[in-house]
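Note on naming: letters A, B, ... go to the chains in the order of the sequence lines (proteins, then strands), and numbering restarts at 1 for each one.
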2 protein chains.
Amino acid sequence: MQLQEGRDKFIQAWGTLGSSWGINRTMAQIHALLLISPIALSTEEIMDALGISRGNVNMNVRSLMDWGIVHKELRPGDRKEYFHAEKDIYLTAMKIMRERRKRELEPLITIMAQLKQVEKLETPEGQALTKAVHDIDHFAHQADTVLTTMEKMTSNWFTQQFLSVIKKIKPL
Amino acid sequence: MQLQEGRDKFIQAWGTLGSSWGINRTMAQIHALLLISPIALSTEEIMDALGISRGNVNMNVRSLMDWGIVHKELRPGDRKEYFHAEKDIYLTAMKIMRERRKRELEPLITIMAQLKQVEKLETPEGQALTKAVHDIDHFAHQADTVLTTMEKMTSNWFTQQFLSVIKKIKPL
DNA sequence: TCACTTTTTCAGAAGTTATTGAAAGTGTAG
DNA sequence: CTACACTTTCAATAACTTCTGAAAAAGTGA
């Protein structure tokens with residue numbers, strides 16, 4: 001396979017995966033483009049490479065920066081902004097997890113806390129709700145703990161350690 | 001808070017969370033309704049409870065069954081089908097993870113395997129692509145291993161064990 | 001200050017995904 | 001076979017999301 005064909009396929013694949021991961025297609029494609037670009041790119045270069053509008057590039061690049069996986073680079077004597085992606089894929093994955101934990105798990109925990117205030121009834125309906133709220137709350141806290149712990153993994157070394165622990169656990 | 005208010009809030013919250021998790025809003029709401037229902041419900045009952053059409057209920061209930069988190073129940077002498085949700089929230093989470101692993105990680109691994117066939121060039125562009133493909137492939141395999149291991153956790157007991165292992169790991 | 005370059009915003013257009021509801025399909029009992 | 005009770009499908013449409021491009025805002029140097 002030729003280089004250009006490979007690059008296109010990579011951008012395409014990352015875009016598709018991203019959209020099933022709560023990151024929109026274009027955002028993921030910009031991220032892919034920056035991941036395989038050895039140098040930082042300007043807004044214009046991204047527009048040309050992906051054939052999308054200025055507004056679209058601007059909006060999605062800002063989102064990628066909010067996620068902490070793309071950074072702005074300024075060159076002395078040049079007014080343009082250039083962008084490059086975090087190249088450590090583990091760190092990138094951790095940042096995405098962190099953001100999703102904040103955006104999804106934390107609100108869930110908040111709502112479950114509110115729902116614990118529902119008056120306890122002895123009816124089957126009341127008990128089913130109480131059980132569901134309790135179980136989900138418990139699960140959400142556990143998941144939050146696991147992800148928070150993983151956020152603290154900032155090096156590949158540690159990820160390897162973690163994996164080796166997992167591998168040693170004997171499945172039932 | 002009153003029971004009915006709590007039930008509505010629960011369904012609402014689960015629907016919102018679901019939609020940020022690749023499960024569509026309605027599918028998640030049906031799941032929530034079944035989770036807090038002590039008895040199995042018919043298509044009509046789901047339609048009435050959520051105010052949605054027959055086709056919509058049918059389509060989403062089938063998807064929930066594909067994910068393995070909702071089951072059909074037949075009552076002797078009744079032609080209607082009744083549906084109930086898996087009530088073990090850990091088992092439910094595991095099944096969702098399993099499905100997402102299959103739908104997202106496996107295709108990613110397949111594409112990275114193809115991209116490894118790109119001819120190796122000494123140019124910065126070639127090397128950047130090669131590195132990205134290699135890193136993502138490695139990461140995807142690790143993630144796949146972790147999730148596959150977790151799939152084998154089928155009891156709360158084991159989840160507790162796992163969590164206690166995680167907690168003991170000293171963060172950097 | 002102005003002239004110029006670059007970034008940001010946002011209303012409307014385009015594209016995508018979810019929902020409806022009616023028709024077709026399936027299975028069962030008489 | 002027919003009538004009935006339900007389930008499934010799917011084309012039309014509604015709802016939602018993303019994208020464009022031009023205008024406004026912001027930034028820079030003289």
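- Between A/Glu44 and A/Lys80 there is no salt bridge, since no side-chain nitrogen of the basic residue lies less than 4.0 Å from a carboxylate oxygen of the acidic one.
- Summarising the geometry, the separation between CD on B/Glu44 and P on C/dG21 is reported as 14 Å, rounded to the nearest angstrom.
- A/Leu35 and B/Leu121 fall within the same hydrophobic cluster, where Ile, Leu, Val, Met, Phe, Trp and Tyr residues are linked whenever their side-chain heavy atoms come under 4.5 Å apart, directly or through other members.
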Nucleotides 22-25 of chain C: which of its N/O atoms have a protein N/O under 3.5 Å away?
none

Could you list the protein-to-nucleotides 27-30 of chain C atom pairs, N/O on both sides, closer than 3.5 Å?
unit_1	atom_1	unit_2	atom_2	d
C/dG27	N2	B/Arg79	NH1	2.9
C/dT28	O2	B/Arg79	NH2	3.3

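- When the nucleotides D/dC6, D/dT18, C/dT19 are ranked by their closest atom to the side chain of B/Asp78, D/dC6 comes out on top.
- Atom CE in B/Met27 sits 8.5 Å away from atom CD1 in B/Ile69 (nearest 0.5 Å).
- Taking atom CE on B/Met47 and atom C1' on D/dT7, their separation rounds to 12 Å, with Å as the unit.
- If you check the side chains of A/Tyr90 and B/His138, you find a donor sitting under 3.5 Å from an acceptor.
- Applying the 4.0 Å criterion to OP1 and OP2 of D/dT7, one finds that B/Thr43 has a side-chain N or O inside that range.
- Across the protein-nucleic acid pair, A/Arg62 atom CZ and C/dT8 atom P stand 6 Å apart, rounded to whole Å.
- Checking C/dA18, C/dG21, D/dC19 against the side-chain heavy atoms of A/Thr26 singles out D/dC19 as nearest.
- The pair B/Glu104-B/Arg100 meets the salt-bridge criterion, since a charged nitrogen lies less than 4.0 angstrom from a carboxylate oxygen.
- In summary, A/Arg103 and A/Glu99 engage in a salt bridge, as defined by a charged side-chain N under 4.0 Å from a carboxylate O.
- If you find the closest nucleotide of DNA chain C to A/Asn56 and to A/Lys80, the one lying nearer the 5' end belongs to A/Lys80.
- Nucleotide D/dT8 holds its P atom 13 Å from the CE atom of B/Met59, rounded to whole Å.
- The separation between A/Ile46 atom CD1 and C/dT6 atom P is 15 Å, rounded to whole Å.
- Put simply, CD on B/Glu81 is 10 Å from C1' on D/dT8, counting in whole angstrom units.
- In this structure, the CG atom of A/Asn58 is 13 Å from the P atom of D/dC19, given to the nearest Å.
- Between A/Ile52 atom CD1 and C/dA13 atom P the separation is 21 Å, expressed in whole Å.
- Contacts of B/Asn24 with the nucleic acid, taken as non-hydrogen atoms under 4.0 Å apart, involve only primed sugar atoms and P, OP1 or OP2.
- B/Ile52 is listed as a side-chain neighbour of B/Ile30, based on a closest heavy-atom distance under 4.5 Å.
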**OP:** Before giving the answer on salt bridge (charged side-chain N to carboxylate O under 4.0 Å, His left out), spell out for B/Arg101 and B/Glu106 the whole-Å C-alpha distance, their side-chain angles and the decisive distance to 0.1 Å.
**Re:** CA-CA 7 Å; B/Arg101 183 182 67 73; B/Glu106 287 180 1; 2.9 Å; yes
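- A/Gln12 and A/Asp8 share no side-chain donor-acceptor pair at under 3.5 Å.
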